[in-house]
Structures are given as structure tokens and as C-alpha cells.
Amino acid sequence: MKMTFRWYGQDDPVSLAYIRQIPEMSGIVSAVYDVPAGEVWPDASILAIKKAANDNGLEFEVVESVPVPEEIKMGKPERDRQIDNYCETIRRLGKAGVKVVCYNFMPVFDWFRSDLARTLPDGSNALAYDNTAVQKLDPTSADMSLPGWDESYTKAEIKQLLDDYKAIDADKLWENFAYFINRVVPACEESGVKMAIHPDDPPWNLFGLPRIITGCDSYARMTSINPSLANSITLCFGSLGADPNNDIKTIARDFGDRIHFAHARNVKWTGDHSFEEAPHPSRCGSLDMYGILKALHDAGFDGYIRPDHGRMIWSETGRAGYGLYDRALGAMYLLGIWEALERG
Ligand code: DNO
């Protein structure tokens, strides 16, 4: 297992010099942020991230994310050119030593929260999702730009996309996923790169848009579409765990051979389809973090893991979910559990 840390590039308030001081940190998880979805990433940009990491004693073996353009998810004619570009980016990443590419297949919105800074009883703040609040939102009129998005749309674009997606139900989205992954897998196999799909966050439909990577059945269907181990999974505890019906330990055991990347984070269920993000330890939230890590360990997990979102603590400000302090505490908790599991 390799412990990693997400880094948003030179503009990230958390520097590589700080990240390297977290004990046992092996590398960063990052991306090229200034190329539109569907275009090829320049070698120079990929190599600049690698050099910055290596100069700080860190590896760059995991990319999060190479975004999948909406045209691919909607099955529009432009998808063939965009998939060719996607494959070329994969080949370039493979050449630069990248082993895992995390991506998602969520229509329009990536991860979504109703609150980016809910104050918790201890004075820290965290991301939260309140179903009642979300039901009241109108994505075409509210200001919905979130810091985690790989790209943010204008309200007019969102309106257009929501209209276009009316023709796409879950089965159609699966069909478009199959078209995409079947064409990308050969490029991955040739380049030694694994595609690791991130679950939908939260794992239920949003604003009438279908979401298909929501739990155990999704992984069975995904695997049946293309059995290659390059068609793999990012096990995100918090995304899957937002739905109390998801048994993450079983997913970890059943699909262990295709989990190459794990996002470890805890959530606390606060009501129907509602949750807030909690500190990493099991007792701070609703997820059995030890149990999930043990299931991964039992399944022979040998991939990359990162502490996922942290709270903002000790007066830190910055990118919601991606401060330094709480994620560093999370890394230490995870490493402690893993050492105990390794030693039996
Ligand atoms: C949020 C992240 C997601 C994730 C993408 C992967 O913090 O977990 O934005 O990076 O969904 O494609």
C-alpha cells in the first residue's frame, strides 16, 4: 500500500514542501488543470508535475482526474475524437510513470454538497449534504460553482445540459460508458495504466440526472462490460458510505483485485439522504473505517490510498475539503491501522 496526498498544483495553498513532511507519504495525486476536457494533455505539463513531485521526494503515479467530457457521457458524435484524445493522454501518462487514472462518469455535476463549511460542535467545519436543502436548489439559478469541480459551467450551459440529458436514462448512460471504456482499455493495457472509476458522490440521482456508479451492483455490471483489470475501481469510502445500504466491506472483498486506489474518509449520517463529513476515525462517524481497511487488507490490496476530505481545523482556510491539517491527521490514522493489520 502506498500513502498519497491530493495536490492541486502550484496554486494549491498546501505546498509539496509540507506534504513531504507527513510521515510515510509516498507521492501526490494530481492532474493537469488548464486543458479543457476532451483535449490531449501536453507532455510538458505532465512532466512538470512529475518534476515538482520528484524534487520534493514524492512520486507522481496517480492522476485524479482525467475528466470525461459530457459528449462522451451523452454519446454525441464528437465522442470518437475525444476518446482518441483520452487514449493519447493515457499513453503519455503511462510513459511518464503514471499507474492509475481516477475518473468519474457523473453527468454534469461531480461531487455535490449543500454546505461547504458546516460548523461542527468542536468549532471545526466540514462539507455536508442536506437533502431538504438540495431539493430546494435550482441548478440553473443558484450559484453552484464548487471548488472540487474539474470545470464549472455557466447557468445557461447547465440549463442546456439538463435539457440534453433528458434523453439519457441510466441504461443509455451505461451504454455510453461501455462504448468509452471498451475503447480506452486497450490504450491502458498497452501503457500499464489502470482506469479507476470513482463512485458517484453522493451515490443517488441528482436534479433528475442519472447516476450509475452507486454500489455493489454497479461494479458487477461494470466488470461484466469489460473484465480487464484495467477497468478498475477507486474505492471511495465516503461516497459509497453516504448510502447506509452500501456494504463497503463486501465491495472491498468482492472486487479487491480491481481496487487500485482508495479514498479513505468517514461520514456521519444525519437523516434521510443526508450526511456530514466526519474526522477519519471510525468512532467519529458512521463508517467502520477499521473494518473497511481490514477487508481491503484481506483482499490483498496493494494499491494507492489517500486520506480524502478533511475538516478545516486550527483556523486553516483554503480549498474546501482539501486543507493540510486534518488530512494529515487522517493519513496518520490510516497508517496506524495499516501497520497493525500488516503485523497481524
Ligand atoms: C472530490 C473528489 C472528486 C473526484 C472525482 C474523480 O473531492 O473525490 O472530485 O476527484 O469525482 O473523478
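Counting starts at 1 for both ligands and their atoms, following the listed order. Heavy-atom basis, side chains included; hydrogens, waters and symmetry copies ignored. Here the structure is a predicted model, which means the values were calculated and not measured.
Proximity of Ile158 to Phe109: side-chain heavy atoms (C-beta onward) are separated by under 4.5 Å at one or more points.
At a 4.0 Å heavy-atom cut-off, ligand 1 does not touch Arg319 at all. Contacts between Tyr103 and ligand 1, counted as non-hydrogen atom pairs separated by less than 4.0 Å, involve the backbone only. At a heavy-atom cutoff of 4.0 Å, ligand 1 is contacted by both the backbone and the side chain of Asn104.
Remark: Lys268 NZ is loosely packed, at most 12 non-hydrogen atoms of other residues, nucleotides or ligands lying under 6.0 Å away.
Residues that satisfy the ring pair (Phe, Tyr, Trp, His ring centres under 6.0 Å) test with Trp204, not counting sequence neighbours, are Tyr129, His273.
Residues in residues 41-86 take part in these ring pair (Phe, Tyr, Trp, His ring centres under 6.0 Å) pairs, two or more places apart or across chains: Tyr86-Phe180.
Under the 3.5 Å distance criterion, with hydrogens and angles disregarded, no donor-acceptor pair is assigned to the side chains of Tyr18 and Asn56. Donor-acceptor pairing under 3.5 Å is recorded for the side chains of Ser124 and Asp122.
Remark: among candidates Ile213, Asp110, Leu127, the nearest residue to atom 3 (C) of ligand 1 is Asp110, based on non-hydrogen atoms.
Listed by number with element, the atoms of ligand 1 under 4.0 Å from a non-hydrogen atom of Tyr322 are 1 (C), 2 (C), 7 (O), 8 (O).
The distance criterion of under 3.5 Å between nitrogen or oxygen atoms is not met by Asp308 with respect to ligand 1.
In this structure, Gly321 falls outside the shell of residues with a heavy atom less than 4.0 angstrom from ligand 1.
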